[in-house]
2 protein chains.
Amino acid sequence: MIAQAVRESGSVTVQELAELTGASEMTIRRDLDALAAQGVLERVRGGARTLLLRGEEPPFALRAREAVEAKRRIAAEVSSLIADGETVLLDSGTTCLEVARLLHQRPVTVMPLSLQAIHMLGDSPGPATLMVPGGRPRAAEGALTGPLTLASLSALRFDTGVVGCCGLSAAEGLTAYDLDDAAVKKASITSSRRIIVAADGSKLGRTAFAYVGPTTLLHTLVTDTTAPADEVAALEGAGTVVKIV
Amino acid sequence: MIAQAVRESGSVTVQELAELTGASEMTIRRDLDALAAQGVLERVRGGARTLLLRGEEPPFALRAREAVEAKRRIAAEVSSLIADGETVLLDSGTTCLEVARLLHQRPVTVMPLSLQAIHMLGDSPGPATLMVPGGRPRAAEGALTGPLTLASLSALRFDTGVVGCCGLSAAEGLTAYDLDDAAVKKASITSSRRIIVAADGSKLGRTAFAYVGPTTLLHTLVTDTTAPADEVAALEGAGTVVKIV
DNA sequence: CATAACGAACATGCTCTATGTTTGAAATCT
DNA sequence: AGATTTCAAACATAGAGCATGTTCGTTATG
């Protein structure tokens, strides 16, 4: 409730939240501190403020709470496109984290590009084989980037690359918010025989700062029903198979 | 208590453990299942059996419970030898995991060679900067090995390398149980300007299967008071600084 | 300087987990 | 095959731990 209130109003006071939730102000303060520590919002005296400014990328902890159902469905579809025994390269991002959860139960070899996914696949033994790429983790997201990551990618070839994105349009191609991220995605595409893009509908038709490549490099797009029809049509026209779940 | 009983007797029945601990047999069974899942012991009908056979390396989950106090002290000493701002290469193993815990609070750059240490340094943001090496994690230990690991190491140079070992003697040098591990340790030593060996006293004078290198490559050894005096003297004679904590 | 916000400390109620018991099923031994 | 032991599921219960709320002293802010 707090996260939603902050997202909608942009800024709320402790009193407002106490009234809204029926909890005491002390509890609200404690919850705000916890949410601030998770990077969901920013604490200010008397209340809290959203971290969402201008065209910036929303923080990871915030995105992880949005559209969870859609992400799950997309992840399930992506997983079903992957055959047993494949070697899979798995991008960073919340949707790909869901894919990691599913692939953990499958006899495949996975190299994830985020710390979170490494944890998921490495903590408990499962049928999946884990490969770790090198790199420098970027902030809360845990996305691995940098020369070590690029070197790890260039040394290997994968059957399938599952990539997320911040923006995807037929006209402007695949884009990311971060330059380093974009470089990793570029290398991922180069090192994978087949590319599956996992992106919920909100990413379609959007363009972010860093250019990764044209949509002609992408073999399959898995998205949800909120995807704009014109973009879907344009992508299919450009030769990408689109699966809507 | 259960882990200790199994370690000492090699094999115990559910009844014996129930008597020993005062708990019911059902509780013992549940605990045995949990310990077996953690890899501490092996479940057999009617009781449990140790996993420790012949000259094999004890399983990670078992080693993690032994000599925790000594490991902590050794880790504290190792940490004190490292200056703020250094780049540190951190080997796999339980002692080095303790070092990771301490370095997390320090403004240093750390590249750990085990999944466990990556988790420790990557989960919560701290003053330490994390670098992740590539590699394939080996079983429960989470030690990263293989060509990707070696490539990551050869691409970098560290101020200090903290290495663990399975055996260390002035006569036979530094040894490990696993060939791949030994290769990583060799590369670690090559890529680090200064080498600190963290090894409790039980490792001294022991020799394991895979040879890593002579003790002349090692600058400092941190061990505990259980280290045999003759080995310590021999190592100091060979030019290694020995710190006993 | 006054007021609001905060944080620490303590009390309380709740939830969740660990434990124990029972019972029927499964495995082992004779 | 029959007898006996071991096991696992189901349920009841006690305890620990956590979230919450209150109070009060401290700290920021206008």
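Sequence lines set the chain letters: A, B, ... in the order given, protein chains first and strands last, and positions in each chain run from 1.
One interatomic measurement links the two molecules: CZ of B:Arg43 to P of C:dT28, which rounds to 12 Å at whole-angstrom precision. C:dT19 atom P lies 13 Å from atom CG of B:Asp33, rounded to whole Å. Rounded to an integer number of Å, the gap from B:Asp31 CG to C:dG20 C1' is 13 Å. Rounded to an integer number of Å, the gap from CZ of B:Arg29 to P of C:dA18 is 18 Å. Rounded to an integer number of Å, the gap from CD of A:Glu16 to P of C:dA4 is 16 Å. Computed from coordinates, the B:Glu25 CD to C:dT19 C1' distance equals 14 Å when rounded to whole Å. Atoms CD (A:Gln15) and P (C:dA4) sit 9 Å apart, rounded to a whole Å. Remark: P of C:dG7 and CG of A:Leu32 are 10 Å apart, rounded to the nearest angstrom.
Counting heavy atoms from C-beta on, the side chains of B:Val197 and B:Leu168 come closer than 4.5 Å. For the pair A:Asp178 and A:Phe209, the minimum side-chain heavy-atom distance is 4.5 Å or more.
Not a single donor-acceptor pair, N or O on each side, falls under 3.5 Å between the base of C:dG7 and the side chain of A:Arg30.
Side-chain N or O atoms of B:Asp181 include none that pairs as donor or acceptor with a backbone N or O of B:Ala176 at under 3.5 Å. Checking side-chain atoms of B:Thr220 against main-chain N and O of B:Ile196 turns up no donor-acceptor pair under 3.5 Å. Using modelled atom types, one side-chain atom of A:Thr175 and one backbone atom of A:Ala208 make a donor-acceptor pair closer than 3.5 Å.
None of A:Leu113, A:Asp159, A:Thr109, A:Thr160 except one satisfies the side-chain contact (heavy atoms from CB on, under 4.5 Å) rule with A:Leu89; the exception is A:Leu113.
Within the structure, a side-chain polar atom (N or O) of B:Ser24 is placed less than 4.0 Å from OP1 or OP2 of C:dG20.
Helix bend of the helix from C:dC1-D:dG30 to C:dT30-D:dA1: the angle between its two end axes, each built from five pairs, comes to 50° after rounding to 10°.
Between chain B and DNA chain D, the heavy-atom contact criterion of under 4.0 Å yields a 5' to 3' nucleotide range of D:dT5 to D:dA9.
With respect to B:Arg29 and B:Glu25, a salt bridge is recorded, a charged nitrogen being found less than 4.0 Å from a carboxylate O. Ion pairing of A:Lys71 with A:Glu98 is absent here, as no side-chain N (NZ or NE/NH1/NH2) approaches a carboxylate O to less than 4.0 Å.
When each of A:Arg45 and A:Ala23 is assigned the nucleotide of DNA chain D bearing its nearest heavy atom, the one mapping closer to the 5' terminus is A:Ala23.
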*asked:* Apply salt bridge (charged side-chain N to carboxylate O under 4.0 Å, His left out) to residues B:Arg73 and B:Asp224 and explain how you reach the verdict.
replied: CA-CA 8 Å; B:Arg73 283 200 311 274; B:Asp224 62 69; 5.7 Å; no
